[in-house]
A.B. asks: 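Take this structure, written in structure tokens, and hold onto it; I'll ask about it next.
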Amino acid sequence: MSSDVTVVLPDGSERVLSPDATGADLAADLGGRAAKDALIVVADGIQLDLNQPLPDGSHVSLVFPASDAGLEVLRHSTAHVLAQAVLDLYPGATFSIGPPIEDGFYYDFDLPNNQTFSDEDLEQISSKMKEIVNRKQPFIRSEIDRTEADKLFAAHPYKLEILDGEADDPTSGPEDGVITTYRNTDDFVDLCRGPHVPDTGYLAHFQLMRVAGAYWRGDENRQMLQRIYGTAWATKKDLNAHLEQLEEAAKRDHRKLATELDLLSFPSELGGGLAVWHPKGAIVRKLMEDYSRERHEEGGYQFVYTPHLANQRLFQTSGHLDFYADGMYPPMEMDNGTYYLKPMNCPMHCLIFGHGQRSYKELPLRLFELGTVYRYERSGTLHGLMRIRGFTQDDSHLYVAAEQLADEIASLLDFVLSVLRAFGFDDFTFHLSTKDPEKYVGSDEIWNQATDALRGALERHGLDYAVKEADAAFYGPKIDIDVKDAIGRSWQLSTIQCDFNLPEQFDLHYVAADGERHRPIMLHRALFGSIERFFGVMVEHYGGAFPTWLSPVQVQVLGVRADHDSFADKIVERLISNGIRAEMVEADEPLGTRIRKGKLEKLPYILVVGDADVEHDTAGVNPRGGDVERDVPIVDFVQRITAEIAEKATGPNVQ
RNA sequence: GCCCGAGUAGCUCAACGGCUAGAGCACCGCUCUUGUAAAGCGGGGGUUGUGGGUUCGAUUCCCACCUCGGGCUCCA
């Protein structure tokens, strides 16, 4: 006879349960919300289904839908329902893997006769899933042996590959040699580690999102499977909030806004991944670049210019041709050699450092260039400004003596964050990428020194960071900086990378105080990363409503009637003479219409002038996202907007 | 590059294989003269992405290419 089971709850209290008690028994015993909503139970750190027995003496906690772990279970279980629906609706279909992912889940299928899913199919599959949910089918776990598994999945070759360990799937592959399955009906069983929700009735709040192709085992040489993505949440409210967030993101899409606000375009005549900047986009870009130059000048950088083309010998020396030839535009044969468009500015900056004798007194030597580079991105990877074939890096290369490394990185970090803040980004995430023991150049000593310098800089600034082990490039460790935008999305922008390789390849050296030649360490630093991409991120961050200092047009002045136009014109002249980008809109349409058009252009200020304003030299001020103020003296307005522009206020993010 | 989907006026979208390819916004002209998010009338604007094919007839069906979108792979 087995005896009672004692478990320890998260608050430290003990609970005595009947023999062979399960998580469900515990939940029932606790009652209330626990009995109703618990999805799984964690016992001594191991996730268990609610119907699995609890080990005696274990520390247990119930997992609810609102938690990260709960959502993961919910999404994983919903993926099973998707698989059941597809296998039911498409005879001969087979399935491979279906894990939970951020915000949802997917499942990969292989349909007979190269069939594919359409959007209409998604609706049908979704209805079938809802039927399954309504049936409240239990998830029944079994441990089986390989013979049985072979029989069970005889028609499903991808599952057999997972069983063989050829395909590594952490959600379904055998763990410690134990093969587990989850069965929902006589017909549907999936290879899976679990755990799962008690029954499909827990899975009400999901939506299938899209179909996509995906290579089996992520290998582009293997079969292309049909993937269905879905999202799933604990409540209807959460699901709707997520869908609204997606709508909000779509509204801010820089490709859409760039067209609507006439910022730039991607003419197909140019070819994929190449943009032309229209006047309104170009002025914003110019302001960004001007500000960047100003800050670099203050920061002790020296400006350089280098050409777009170089002899292939340069890229052989730098190693780019060996490692990245696939990403470079094809060579051009010239009468005196073979030339390439440059994919990077660093080799040319190394030539500048290497020209003549360098003294330790010149270090740190900071070179800066807005350098345009060209990379042959594969056609399917292009994405607006975010992934583009021709772009400009705000690229700097710093040459330092080893003993200067720590201080230089620390001040570099200050510099980068300060510039990012000026553009309205103040929520950062940092990643420190360390040596890949399989792939690196340079001594352990120098790697440690550089990694310590990077880590020290982060810690000196009191910044939280995550370490990405073995994620560094072969030439040195790095810090990557992500920013969060106004709707909480992360974008990787800046990077600070140590490089022990290029100084070697280019045989760079300086003469130190001891009279000996020493090798400098090189730092690569991109702040915006790519001007194009940073601009795209800014458009999405502000939803096209640029802060006043960056707005293509800062003020429009509207007369109430046509006979106020000349007064409006005079105000515009006064604004322009104060360095403000202003324009007059003639009164050939009703005032409301003209205001509406200005609002759609997301202008920071619209001024309206009528009889009283002509008399008193005032204007009605209609600010973006604020209330209309009447009878504001023009001098006051000029002073106010001038101050706002001067301090580069990013202000509330108003739409 | 691979899978799926889409390309019609500057933009957003209509048009069973069949009459001169339509509408709103935008643009141009005229009228209206307006106090804070859409006044009225008229006009111009298209080789339906490009090239082939099927057909009496193609925006519509088929093929190739180009560009775009969603993914996969890749991203110095």
Side-chain angles (χ1 to χ4, degrees), chain A residues 106 108 114-119 121-122 209-229 250 253 255-256 259-262 265-274 315 318-328 342-347 373 375-384 386-389 393 395 473-475 478 492 495 497 499 501-502 524 526 530 558-565 586-601 606-613 619-624 627-631:
Chain A
Y106 67 80
D108 285 350
N114 292 319
Q115 284 180 75
T116 55
F117 294 115
S118 67
D119 288 347
D121 293 336
L122 282 192
M209 303 302 285
R210 61 178 67 93
V211 296
Y215 298 110
W216 170 232
R217 287 154 72 172
D219 180 342
E220 62 180 318
N221 298 311
R222 290 182 193 271
Q223 174 76 22
M224 175 71 72
L225 303 175
Q226 296 292 310
R227 174 171 298 179
I228 295 178
Y229 282 95
D253 190 311
R255 296 163 300 184
K256 176 174 148 14
T259 303
E260 284 175 8
L261 301 176
D262 196 17
S265 61
F266 296 89
S268 58
E269 294 87 336
L270 260 186
L274 297 168
F315 300 117
S318 70
H320 288 108
L321 217 38
D322 290 338
F323 287 99
Y324 306 112
D326 287 349
M328 293 169 66
K342 68 173 168 181
M344 291 288 278
N345 300 301
C346 36
V373 298
R375 297 181 183 177
Y376 182 76
E377 303 285 2
R378 296 207 284 180
S379 60
T381 64
L382 300 172
H383 181 90
M386 302 305 179
R387 194 79 179 268
I388 197 172
R389 284 182 175 150
Q393 295 180 309
D395 209 0
F474 71 93
Y475 50 73
K478 63 172 177 176
Q492 202 219 301
T495 181
Q497 310 186 350
D499 188 343
N501 180 53
L502 277 186
H524 302 252
S530 128
L558 281 48
V560 172
R561 288 190 315 273
D563 52 320
H564 302 124
D565 280 358
E586 285 180 25
D588 54 5
E589 285 178 302
L591 184 62
T593 301
R594 286 176 285 149
I595 288 172
R596 178 166 191 274
K597 285 179 180 173
K599 292 293 180 186
L600 291 175
E601 277 185 66
I606 296 168
L607 301 191
V608 174
V609 292
D611 290 334
D613 298 300
V621 176
N622 186 333
R624 186 175 59 198
D627 296 328
V628 173
E629 294 168 62
R630 292 286 296 270
D631 309 317

A.B. asks: Can you list everything that forms a ring-ring contact (aromatic ring centres under 6.0 Å, His included) with Y229(A)? Sequence neighbours excluded, please.
C.D. replies: Y106(A)

A.B. asks: According to ring-ring contact (aromatic ring centres under 6.0 Å, His included), who are the partners of Y475(A), at least two apart in sequence or on a separate chain?
C.D. replies: H524(A)

A.B. asks: Go through the structure and list residues passing salt bridge (charged side-chain N to carboxylate O under 4.0 Å, His left out) with E220(A), not counting sequence neighbours.
C.D. replies: R378(A)

A.B. asks: What's the NE2-P distance between H564(A) and G35(B), to the nearest Å?
C.D. replies: 10 Å

A.B. asks: Quick test: give all pairs of protein nitrogen or oxygen and nucleotides 74-76 of chain B nitrogen or oxygen below 3.5 Å, distance rounded to 0.1 Å.
C.D. replies:
unit_1: C74(B); atom_1: O2; unit_2: R387(A); atom_2: NH2; d: 2.6
unit_1: C74(B); atom_1: N3; unit_2: R387(A); atom_2: NH1; d: 3.2
unit_1: C74(B); atom_1: N3; unit_2: R387(A); atom_2: NH2; d: 3.4
unit_1: C75(B); atom_1: O2; unit_2: R387(A); atom_2: NE; d: 3.4
unit_1: C75(B); atom_1: O2; unit_2: R387(A); atom_2: NH1; d: 3.3
unit_1: C75(B); atom_1: O2; unit_2: R387(A); atom_2: NH2; d: 3.4
unit_1: A76(B); atom_1: O4'; unit_2: Y324(A); atom_2: OH; d: 3.0
unit_1: A76(B); atom_1: N6; unit_2: G327(A); atom_2: O; d: 3.2

A.B. asks: From the list G1(B), U36(B), G35(B), which nucleotide is the closest neighbour of the side chain of S379(A)?
C.D. replies: G1(B)

A.B. asks: Which part of the nucleic acid does D219(A) contact within heavy-atom distance under 4.0 Å: base, sugar-phosphate only, or nothing?
C.D. replies: nothing

A.B. asks: Taking atom C1' of C11(B) as reference, at what distance in whole Å does atom CD of E260(A) sit?
C.D. replies: 9 Å

A.B. asks: To the nearest Å, give me how far apart CD1 (I388(A)) and P (U67(B)) are.
C.D. replies: 14 Å

A.B. asks: Can you tell me how far C1' in G35(B) sits from the matching atom in G42(B), rounded to whole Å?
C.D. replies: 30 Å

A.B. asks: Return the value, rounded to whole Å, for the distance between atom CG of L274(A) and atom P of C66(B).
C.D. replies: 15 Å

A.B. asks: Taking the same atom, C1', in G29(B) and in A37(B), what whole-Å distance lies between them?
C.D. replies: 26 Å

A.B. asks: Rounding to an integer number of Å, can you tell me how far D108(A) CG sits from C2(B) C1'?
C.D. replies: 14 Å

A.B. asks: If you measure from the P atom in C19(B) to the same atom in G70(B), how many Å do you get, rounded?
C.D. replies: 36 Å

A.B. asks: Under the rule for side-chain contact (heavy atoms from CB on, under 4.5 Å), what residues qualify as partners of R594(A), not counting sequence neighbours?
C.D. replies: L558(A), V585(A), A587(A), E589(A), L591(A)

A.B. asks: Report the residue (A562(A) or H383(A)) whose heavy-atom-nearest nucleotide on RNA chain B is the more 5′ of the two.
C.D. replies: A562(A)

A.B. asks: Under the salt bridge (charged side-chain N to carboxylate O under 4.0 Å, His left out) rule, collect the residues that match up with R561(A), sequence neighbours excluded.
C.D. replies: D563(A), D611(A)

A.B. asks: Drop me the distance from M344(A)'s CE to H320(A)'s NE2, to the nearest 0.5 angstrom.
C.D. replies: 4.5 Å

A.B. asks: Starting from P on U31(B), measure out to CD on E589(A) and report it in whole angstrom.
C.D. replies: 15 Å

A.B. asks: Using OP1 and OP2 only, check whether a side-chain N or O of K597(A) sits under 4.0 Å from A26(B).
C.D. replies: yes

A.B. asks: Residues two or more places apart in sequence or in another chain: which of them pass salt bridge (charged side-chain N to carboxylate O under 4.0 Å, His left out) with D627(A)?
C.D. replies: none

A.B. asks: Just how far is it from atom OH of Y215(A) to atom CG of D108(A), taken to the nearest 0.5 Å?
C.D. replies: 13.0 Å

A.B. asks: By nearest atom, which of the nucleotides U33(B), A37(B), C72(B) is closest to the R561(A) side chain?
C.D. replies: U33(B)

A.B. asks: Give me the atom names and distance for the closest heavy-atom approach of L382(A) to G272(A).
C.D. replies: CD1-C, 3.8 Å

A.B. asks: Can you tell me how far C1' in U8(B) sits from the matching atom in U67(B), rounded to whole Å?
C.D. replies: 15 Å

A.B. asks: Not counting sequence neighbours, which residues clear side-chain hydrogen bond (donor to acceptor under 3.5 Å, both in side chains) with R389(A)? List them please.
C.D. replies: none

A.B. asks: Using the P atoms only, state how far A58(B) lies from A14(B), rounded to an integer number of Å.
C.D. replies: 23 Å

A.B. asks: For C2(B) versus G57(B), give the span between their P atoms, rounded off to a whole number of Å.
C.D. replies: 34 Å

A.B. asks: Within this structure, what is the CG-to-C1' distance between L270(A) and C66(B), rounded to whole angstrom?
C.D. replies: 14 Å

A.B. asks: Within this structure, what is the CG-CE distance for the pair D326(A) and M328(A), rounded to the nearest 0.5 Å?
C.D. replies: 10.5 Å

A.B. asks: Heavy atoms only, 4.0 Å cut-off, all strands: where does G620(A) land among base, sugar-phosphate and nothing?
C.D. replies: base

A.B. asks: So what's the dot-bracket for RNA chain B: Watson-Crick or G-U pairs under 3.5 Å, [ ] if a pair crosses, | if it pairs off-strand?
C.D. replies: (((((((..((((....[...)))).(((((.......))))).....(((((..]....))))))))))))....

A.B. asks: Checking D253(A) now: which residues fulfil salt bridge (charged side-chain N to carboxylate O under 4.0 Å, His left out) with it, not counting sequence neighbours?
C.D. replies: R255(A)

A.B. asks: Do other residues, nucleotides or ligands put more than 12 heavy atoms under 6.0 Å from the CD atom of Q492(A)?
C.D. replies: yes

A.B. asks: Under 3.5 Å, is there an N or O donor on one side and an acceptor on the other linking the side chain of D611(A) and the base of G35(B)?
C.D. replies: no

A.B. asks: Protein-nucleotides 3-10 of chain B N/O pairs closer than 3.5 Å?
C.D. replies:
unit_1: C3(B); atom_1: O2'; unit_2: Q226(A); atom_2: NE2; d: 3.1
unit_1: C3(B); atom_1: O2; unit_2: G213(A); atom_2: N; d: 3.4

A.B. asks: If I take atom CD from residue E260(A) and atom CG from residue L600(A), how far apart are they, to the nearest 0.5 angstrom?
C.D. replies: 8.5 Å

A.B. asks: For G69(B) and R255(A) - does any side-chain N or O of the residue sit under 4.0 Å from the phosphate oxygens OP1/OP2?
C.D. replies: yes

A.B. asks: Suppose you measure atom C1' in C28(B) against the same atom in A21(B); what distance do you get, rounded to whole Å?
C.D. replies: 23 Å

A.B. asks: Without swapping roles, check the side chain of R375(A) against the backbone of G327(A) for a donor-acceptor pair under 3.5 Å.
C.D. replies: no

A.B. asks: Can you tell me if R210(A) touches the phosphate of G71(B), counting only side-chain N or O atoms and a distance under 4.0 Å to OP1 or OP2?
C.D. replies: yes

A.B. asks: When you measure from the side chain of S268(A), which nucleotide among C72(B), U67(B), U34(B) comes out closest?
C.D. replies: U67(B)

A.B. asks: Does atom CG of N114(A) have more than 12 heavy-atom neighbours from other groups under 6.0 Å away?
C.D. replies: no

A.B. asks: Using the C1' atoms only, state how far U54(B) lies from G5(B), rounded to an integer number of Å.
C.D. replies: 24 Å

A.B. asks: Is Y215(A) side chain donor-acceptor paired with the G1(B) base, going by distance under 3.5 Å alone?
C.D. replies: yes

A.B. asks: Output one line per pair: protein atom, nucleotide atom from nucleotides 46-48 of chain B, and distance, for all N/O pairs under 3.5 Å.
C.D. replies:
none

A.B. asks: Whole angstroms only, please: what is the CG-P distance between D565(A) and G35(B)?
C.D. replies: 14 Å

